[in-house]
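Take a look at the structure below.
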Amino acid sequence: MDFRSHMGLALEEARAAAARGEVPVGAVVVGPDGAVLARAGNRTREMRDPTAHAEMLAIRAACGIFGERLTGCDLYVTLEPCAMCAAAIAAARIGRLYYGAGDPKSGGVAQGARVFAHPQCHHVPEVYDGIAGEAAAALLRGFFAARRQG
């Protein structure tokens with residue numbers, strides 16, 4: 001199977017999250033056959049749930065289809081996952097993580113907690129960063145700039 005990025009769909013979810021007043025982060029889970037299993041954007045405010053990050057929602061939905069282990073699945077997310085989401089990615093046994101913008105403040109993969117580097121982490125996905133990173137970062141910068149002005 002040829003590689004096909006699904007970051008465009010994740011960016012669509014991030015834009016939809018921004019339109020709802022949520023921090024613009026989007027995520028897409030793709031099955032081993034290349035089919036999209038789930039897609040989501042942040043809904044923490046809407047659901048009044050601090051765990052309703054795009055990654056968590058997409059993982060939950062994909063597990064509802066595929067089972068509690070997403071072995072062989074890929075996750076595309078517009079922002080570096082936080083420590084909570086990185087732990088969920090490991091627990092779900094996601095095969096590959098593709099993310100856009102790095103998150104120096106709350107990242108849990110390449111920065112901050114570096115969840116996958118801990119010996120307690122029982123599964124480490126392949127990680128690919130910077131996929132459409134500038135587009136994702138620009139979306140976040142624009143969102144927060146507008147909030148500061150408003």
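Starting from 1, each residue takes its place in the sequence as its number. The figures here come from the full heavy-atom set of this structure, side chains too, leaving out hydrogens, waters and symmetry mates. Computed from a predicted model, the values in this text were never measured in an experiment.
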Can I get a per-line list of side-chain donor-acceptor pairs under 3.5 Å for residues 130-141, giving both atom names and the distance, sequence neighbours left out?
from, atom 1, to, atom 2, distance (Å)
E134, OE2, R141, NH2, 2.5

**Asked** What is the distance from atom CG of L57 to atom NE2 of H53, rounded to the nearest 0.5 Å?
**Response** 9.0 Å
**Fill in**
dist Y99:OH -> I89:CD1 (nearest 0.5 Å) comes out at 10.5 Å
**Request:** Using the ring pair (Phe, Tyr, Trp, His ring centres under 6.0 Å) rule, collect all pairs that involve residues 110-140, keeping only residues at least two apart or in two chains.
**Result:** Y98-Y128
**Asked** Which distance, rounded to the nearest 0.5 Å, do you find between the CG of D103 and the CG of L79?
**Response** 4.5 Å
**Request:** Provide the closest heavy-atom pair for L75 versus V29 in the form atom of the first, atom of the second, distance.
**Result:** CD1-CG2, 3.7 Å
**Prompt:** Can you name the closest pair of heavy atoms from R39 and L9 and give their distance?
**Reply:** NH1-CD2, 3.3 Å
**Asked** About how many Å separate SG of C73 and CG of L97, when rounded to the nearest 0.5 Å?
**Response** 13.0 Å
**Request:** Can you tell me which residue pairs pass the salt bridge (charged side-chain N to carboxylate O under 4.0 Å, His left out) test with a partner in residues 46-58, sequence neighbours excluded?
**Result:** R20-E46, R43-E46
Hey, can you pull the donor-acceptor pairs under 3.5 Å for the side chains in residues 60-72, sequence neighbours left out?
from, atom 1, to, atom 2, distance (Å)
R60, NH2, T51, OG1, 3.1
R69, NH1, A91, O, 3.1

**Asked** With a 4.5 Å heavy-atom cut-off, do V36 and H6 have their side chains touching?
**Response** yes
**Prompt:** Between CD of E22 and CE of M47, what distance do you get to the nearest 0.5 Å?
**Reply:** 9.5 Å
**Complete:** Residues pairing under side-chain hydrogen bond (donor to acceptor under 3.5 Å, both in side chains) where one sits in residues 80-91, two or more places apart or in two chains, turn out to be E80-Q111
**Prompt:** What residues form a salt bridge (Lys or Arg N to Asp or Glu O under 4.0 Å) with R96, not counting sequence neighbours?
**Reply:** D74
**Item:** Partners passing side-chain hydrogen bond (donor to acceptor under 3.5 Å, both in side chains) against R45 (at least two apart in sequence or in another chain)
**Value:** none
**Prompt:** CE/M84 to OG/S106 distance, rounded to the nearest 0.5 angstrom?
**Reply:** 10.5 Å
**Prompt:** M56 versus C85: any side-chain heavy-atom pair under 4.5 Å?
**Reply:** yes
